[in-house]
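Each residue takes its place number in the sequence, starting with 1.
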Amino acid sequence: MAEVVFDALVIGAGIHGLCAAWQLRRRGLTRVAVLDRFPAGHARGSSHGESRITRSSYHHPLYIRLAQTAHAEDWPCLAADIGVVPIVSTPGVFFGPDVPRFRAFVATTLAAGANVEAIEAREAARRFPLLRLHDAASVLLDHTAGVVRADVVLRGLRAWLAGHGVEVADSTRVLALRSQPDYVAVDTERGERRAAHVVVACGAGVSALLPSLRARFEVRRQSVGYFELHAAPARTQAPEFPVWARIGDEVNDFVYGTPAVGAGGVKLARHVTLGRVDGAGPNDAEQDVPIPSPAALEDLDACARLLFGDAVRGRLRSETCLYTMTPDEHFVVDALCHDPRIVVCAACSGHAFKFGPTLGRLAVDVLLHGARPPVEFALAR
C-alpha cells in the first residue's frame with residue numbers, strides 16, 4: 001500500500017479553505033496542509049480586503065437559516081479559537097422601490113422569523129441621515145447585521161493553523177488531482193503530494209483544476225469603491241453607520257456597502273451576477289491583479305452620488321474581486337461523484353464570506369462523515 005503523507009490537503013487559502021483546514025485540525029487530523037497558488041494577502045481572488053457584510057435578510061430561506069447558525073454557533077466557535085473579534089455589530093438597512101424583486105426579498109425575510117423588522121423609510125432616513133433612501137418603498141432593519149473584519153479573520157486563522165502544526169504553503173500552484181486506489185495524488189509545481197482527503201476551495205481556479213465542472217461555474221469580476229464623506233469619522237463607522245443594500249427589480253440593480261474601517265472610507269459596490277461585466281472572464285485569476293475599468297469607476301461614482309448625495313467628498317481608492325458563479329447563485333459544497341475523497345467547496349456568487357466557518361464545517365462533514373449537503377449545494381442538482 002502506498003504511503004499517504006497527509007490526512008488531508010486543502011487547495012485554496014481563502015476564507016473557506018482556511019476554515020476547512022481549521023475544522024479538519026480541530027477534529028483531530030494531524031497531517032493537514034493548505035496549498036495556495038498565490039502569495040499570502042493576494043488580491044486575485046475573493047477573500048481579500050478589510051470588510052464584508054453579515055446579515056440575516058435574504059432572498060432564500062436556506063441562507064437565513066444558515067446565517068442564524070453562523071451567528072449563533074460557528075462564528076463564536078471560530079472567535080474563541082483564534083482570539084479575535086471577527087464581527088463588529090452595526091444595523092443592517094435593506095431597502096428598495098415597490099417592485100416585485102424587493103417585495104419578495106422582504107416577504108421571505110420576514111416570514112423566516114429572523115431578528116429583522118420592517119420600518120418606515122422616513123424613520124430609517126432619520127436614523128441614518130448619511131444614507132439617501134430617495135425611492136425606498138419600505139425598509140428592513142436587520143438587528144443581526146454587522147461588519148466582518150475579513151483581513152483580521154484571515155490573519156487569525158493563519159496564526160491558529162501555524163500554531164497547530166498546519167502548513168499554509170503559499171505560492172504553490174496545484175496542477176492536477178489524480179485519484180489513486182489508496183490516495184489522491186495532488187500534483188503541484190513543487191512535486192507530487194499524497195492525501196487521504198482533499199478539499200478544493202480555490203475559487204476562480206476550480207474550473208481549471210476540475211475540468212469536468214467547467215460548465216458549472218462562471219467567473220465575473222466585481223469593482224469596489226471606497227468613498228470619503230463630509231462627516232465626522234465616527235458617523236461613517238460602526239455602529240453609527242449601517243451595512244446596507246438597495247435592491248431594485250433588475251438582476252444587477254443591487255448596490256451595497258459597509259461602514260468605513262479605520263480611515264479607509266465607506267465601501268460601495270454593485271453586486272453583478274448577470275452578463276460579462278468589466279472584462280471579466282475565466283482567466284482573470286491567471287492575470288496580474290486586475291483594476292476596475294473606467295466604466296466601472298464611473299458607475300461606482302454615480303452610485304455614490306445617488307446613495308450619499310452631497311455628502312460625497314471623493315473616491316479614495318478602488319479594487320476588484322472575483323465572483324465564481326453558478327447559474328442559480330447557490331453555493332456548491334459536495335463530494336465528487338467519482339471520488340468521495342474529494343470535496344468541492346465552491347462557496348461562490350459573492351455572498352459567502354459571512355458563512356466561512358459554517359461552510360468549512362459543512363465541507364468537512366461531507367468529507368469525513370459522508371454527510372448530505374443541502375440539495376441546493378449538491379453537484380448533482
Side-chain angles (χ1 to χ4, degrees), residues 15-16 19 46 52-75 87 92-118 137-146 148 203 216-218 220 222 243-256 258 269-275 323-334 344-363 365-366 371-381:
I15 181 62
H16 300 102
C19 281
S46 52
R52 296 293 190 279
I53 291 174
T54 189
R55 55 184 166 112
S56 297
S57 303
Y58 253 101
H59 62 285
H60 194 294
L62 169 64
Y63 297 100
I64 298 174
R65 296 193 299 270
L66 208 66
Q68 291 171 323
T69 300
H71 293 156
E73 301 175 18
D74 296 308
W75 279 112
I87 296 173
V93 177
F94 301 91
F95 61 97
D98 186 17
V99 294
R101 189 161 174 255
F102 183 63
R103 289 199 299 268
F105 181 91
V106 171
T108 299
T109 298
L110 294 178
N115 188 13
V116 179
E117 62 174 318
S138 59
V139 177
L140 289 180
L141 182 62
D142 190 332
H143 299 289
T144 74
V148 182
R216 293 295 305 274
F217 301 108
E218 190 171 70
R220 293 195 179 92
Q222 309 289 311
V243 300
W244 58 272
R246 180 198 174 276
I247 303 168
D249 210 29
E250 301 298 324
V251 172
N252 290 342
D253 191 7
F254 189 122
V255 182
Y256 67 94
T258 73
R270 185 184 295 278
H271 181 71
V272 178
T273 60
L274 182 66
Y323 283 6
T324 308
M325 301 287 303
T326 55
D328 57 13
E329 298 185 42
H330 285 306
F331 308 153
V332 171
V333 184
D334 200 4
V344 178
C345 184
C348 41
S349 304
H351 62 115
F353 199 106
K354 68 179 71 65
F355 300 119
T358 303
L359 293 174
R361 173 176 55 79
L362 177 59
D365 286 343
V366 174
R372 299 289 297 174
V375 64
E376 292 88 350
F377 295 178
L379 280 166
R381 64 176 183 269

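A donor-acceptor pair under 3.5 Å is formed between the side chain of Trp75 and the backbone N or O of Lys354. Checked by atom type and distance alone, the side chain of Gln222 pairs as donor or acceptor with a backbone atom of Val272 at under 3.5 Å.
The salt bridge (Lys or Arg N to Asp or Glu O under 4.0 Å) contacts involving residues 102-116 comprise Asp98-Arg103, where partners must be two or more places apart or lie in separate chains.
The minimum heavy-atom distance between Gly203 and Thr324, with the atom names listed, is C-OG1, 3.4 Å. Across every non-hydrogen atom of Ser138 and Val106, the tightest pair is OG-CG2, 4.2 Å. Of all non-hydrogen atoms in Ala347 and Ala352, the two that sit nearest each other are O-CB, 3.3 Å.
Counting heavy atoms from C-beta on, the side chains of Arg246 and Pro97 come closer than 4.5 Å. Phe254 is not listed as a side-chain neighbour of Thr273, based on a closest heavy-atom distance of 4.5 Å or more. Taking 4.5 Å as the limit, some side-chain heavy atom of Trp244 sits within range of a side-chain heavy atom of Val255. Contact of the Val139 side chain with the Phe94 side chain is not registered, since no non-hydrogen atoms from C-beta on lie closer than 4.5 Å.
Applying the ring pair (Phe, Tyr, Trp, His ring centres under 6.0 Å) rule to Phe102 yields no partners; only residues at least two apart in sequence or on another chain are considered. Residues satisfying the side-chain contact (heavy atoms from CB on, under 4.5 Å) criterion with Ala67, sequence neighbours excluded, are Ser56, His71, Phe355. Legend: residues meeting ring pair (Phe, Tyr, Trp, His ring centres under 6.0 Å) with His60, ordered by chain and number and at least two apart, are Tyr63, His330. Scored by the side-chain hydrogen bond (donor to acceptor under 3.5 Å, both in side chains) test, Ser57 finds Asp142 as partners (sequence neighbours excluded). In terms of the side-chain contact (heavy atoms from CB on, under 4.5 Å) criterion, residue partners of Pro61 (sequence neighbours excluded) are, by chain and number, Arg65, Thr108.
How far NE2 of His16 is from CZ of Phe331: 6.5 Å, rounded to the nearest 0.5 Å. Taken to the nearest 0.5 Å, the NE2 atom of His143 stands 3.5 Å off from the CD atom of Glu117. Between Asp253 atom CG and Arg101 atom CZ the span is 7.5 Å, to the nearest 0.5 Å. Atom OG1 of residue Thr109 and atom CZ of residue Arg55 lie 8.0 Å apart, to the nearest 0.5 angstrom. Rounding to the nearest 0.5 Å gives a distance of 9.0 Å between CZ of Phe95 and CD1 of Ile247. For the atom pair Arg220 CZ and His271 NE2, the distance stands at 10.0 Å (nearest 0.5 Å).
The side-chain contact (heavy atoms from CB on, under 4.5 Å) test with Thr144 is passed by exactly one of Ile87, Asn115, Ile64: Asn115. Partner of Leu362 under the side-chain contact (heavy atoms from CB on, under 4.5 Å) criterion, chosen from Leu66, Val333, Thr69, Asp74: Val333.
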